[in-house]
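Counting starts at 1 for both ligands and their atoms, following the listed order. All values below come from the heavy atoms of this structure, side chains included, with hydrogens, waters and symmetry mates left out.
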Amino acid sequence: MKNRFNNNPPLLYGMVGGGLTSQIGDSHRVALNRDNYYKLVAGAFDIDWERGQQYGKSLGLQSERVYENYIEMARKESSREDKINVVGIMTPNNTHYSIAKQFIEEGINVILEKPITTNSNDAHNLIKLAKKRNVLCSSMYGYSGYPMVRQAKAMVLAGQLGKIRVIQTEFAHGNCATAAEKHSDGAAWRNDPKTSGDSFVLADVGTHALHLATFITGQQVLEVSTDRQSFVSGRVLEDNAHVLLRFEKGASGFLWASGIAVGHRHGLAIRVFGSEGSIEWCQEKPNQLKFSILGQTTRILELDSPELHPPAKRLLRVGAGHPEGYFEAFSNIYSDFAELLLAKLNGEAPDPLCLDIPTLEDGAKGVEFLEACVKSSKKNGKWVKTTFIDQ
Ligand code: NAD
């Protein structure tokens with residue numbers, strides 16, 4: 001999948017949010033540029049029009065395709081002959097629904113940041129609308145693009161761990177152990193229910209941990225029991241949460257989301273225990289997968305290990321041992337999305353190895369999970385069902 005289009009990308013791309021001061025914009029830009037599938041040609045990059053305009057100029061975009069807001073962008077782009085094929089949406093959570101809806105209605109394919117919406121009705125509406133308008137959408141759970149995460153999924157699917165019994169997942173960092181929202185716009189909107197939704201760390205990082213668990217094991221969460229705390233004085237939303245999980249095929253689980261885990265750097269990890277073996281993956285050592293088989297010595301799989309399954313093997317970009325990681329994982333999602341979209345546009349069957357992109361349905365499951373967690377914590381940890389229905 002690498003560089004097959006050289007300097008002639010087949011897909012035109014636009015960006016909403018991701019401006020000069022944004023946290024995640026650069027990750028998307030690196031991802032879309034890596035394999036030459038996309039060319040960034042349009043954007044409404046910033047809530048501040050002047051800053052957005054300057055930024056678009058600095059990226060070398062035509063001034064007529066740097067827009068003051070997403071509504072103007074969706075309307076003007078969709079009426080162009082050389083309109084964008086894909087829009088990436090990376091703005092604060094409360095804006096995702098209206099922005100995604102606008103582009104889907106115009107028939108433009110969407111890569112949408114997580115959590116995809118702030119309530120499940122909106123998430124279901126986006127799914128329905130995307131089906132009606134026949135557009136391809138993905139929710140940006142970028143960590144599922146790591147080769148070793150794809151390997152873990154393939155191992156579970158191949159039965160190498162036996163029947164899955166216990167799933168423990170965590171995304172617990174220490175970046176908000178003090179009132180970070182007082183000096184960071186990104187932390188401020190995440191801590192405000194009007195812009196973040198009803199949760200802080202569960203939405204911001206817990207949804208990643210959830211997706212990792214369900215992606216690798218192929219099991220959805222049926223019920224949650226949640227305990228949420230706000231440790232930093234003045235915070236309305238939780239900065240720490242412990243969630244017990246019951247999975248659909250009988251596995252028992254635990255999810256820890258935190259912003260106050262002092263000493264944890266990024267803090268994303270997962271452990272899966274089956275009747276015959278277990279795996280453990282930590283995002284800070286992304287190219288190693290700990291694998292234990294009952295009664296045998298524990299092994300560490302590396303990117304060039306002969307045990308790797310095709311979904312992982314195909315993602316190795318340079319010789320094993322080079323520190324590939326975060327940006328490549330994002331690129332893998334972008335490139336798989338491009339392959340799926342190109343197959344669709346050309347009326348061809350897609351490469352089955354590209355089908356692992358996180359979908360809008362995955363995004364909706366994240367939103368349902370958040371709603372169940374909030375409900376449970378308000379009832380002092382009562383078990384609450386997640387109610388996602390595939391539509
Ligand atoms: P940020 O506050 O750092 O940046 C937000 C950007 O959006 C800014 O450039 C801002 O000017 C712009 N913006 C705000 N409203 C806009 C509007 N209506 N139109 C156009 N631009 C607008 O936020 P961030 O950390 O980059 O997060 C953005 C989204 O990405 C959030 O939903 C967050 O949950 C998600 N995120 C995902 C990951 C991941 O790993 N997938 C990582 C970080 C953030």
Per-atom contacts, ligand 1 versus [X] - under 4.0 Å to a heavy atom:
X      : value
Gly17  : 7 (O), 12 (C), 20 (C), 21 (N)
Gly19  : 9 (O)
His96  : 32 (O)
Ala44  : 20 (C), 21 (N)
His208 : 39 (C), 40 (O), 41 (N)

message = Test: side-chain hydrogen bond (donor to acceptor under 3.5 Å, both in side chains). Region: residues 151-165. Which pairs qualify, not counting sequence neighbours?
response =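 side-chain hydrogen bond (donor to acceptor under 3.5 Å, both in side chains) check on residues 151-165 returns Gln160-His309.
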task = May I ask whether Thr91 places a heavy atom under 4.0 Å from ligand 1?
result =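 The answer is yes: ligand 1 sits under 4.0 Å from a heavy atom of Thr91.
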inquiry  = Looking at ligand 1, would Phe45 count as a contact under a 4.0 Å heavy-atom criterion?
reply    =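 True for this residue.
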key: Side chain Asn85, main chain Leu12, donor-acceptor under 3.5 Å   = yes
ask   = If we only count N/O pairs under 3.5 Å, is Asp46 in contact with ligand 1?
value = yes
query = Counting both backbone and side chain atoms, is some N or O of Ile24 under 3.5 Å from an N or O of ligand 1?
reply = yes
query = Which residue owns the protein heavy atom closest to atom 4 (O) of ligand 1, what's the atom, and how far is it?
reply = Ser22 CB, 3.2 Å
task = Determine, considering heavy atoms only, which of Lys114, Arg190, His211, Met140 sits nearest to atom 44 (C) of ligand 1.
result = Arg190
Minimum non-hydrogen distance to atom 17 (C) of ligand 1, winning option of Thr195, Asp26, Ile47 =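 Among Thr195, Asp26, Ile47, the closest heavy atom to atom 17 (C) of ligand 1 belongs to Ile47.
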ask   = Which is it for Trp189 and ligand 1 at heavy atoms under 4.0 Å: side chain, backbone, both or neither?
value =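 Only the side chain of Trp189 comes within reach of ligand 1.
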task = Pick one of side chain, backbone, both or neither for how Glu113 approaches ligand 1, counting any non-hydrogen atom pair under 4.0 Å.
result = side chain
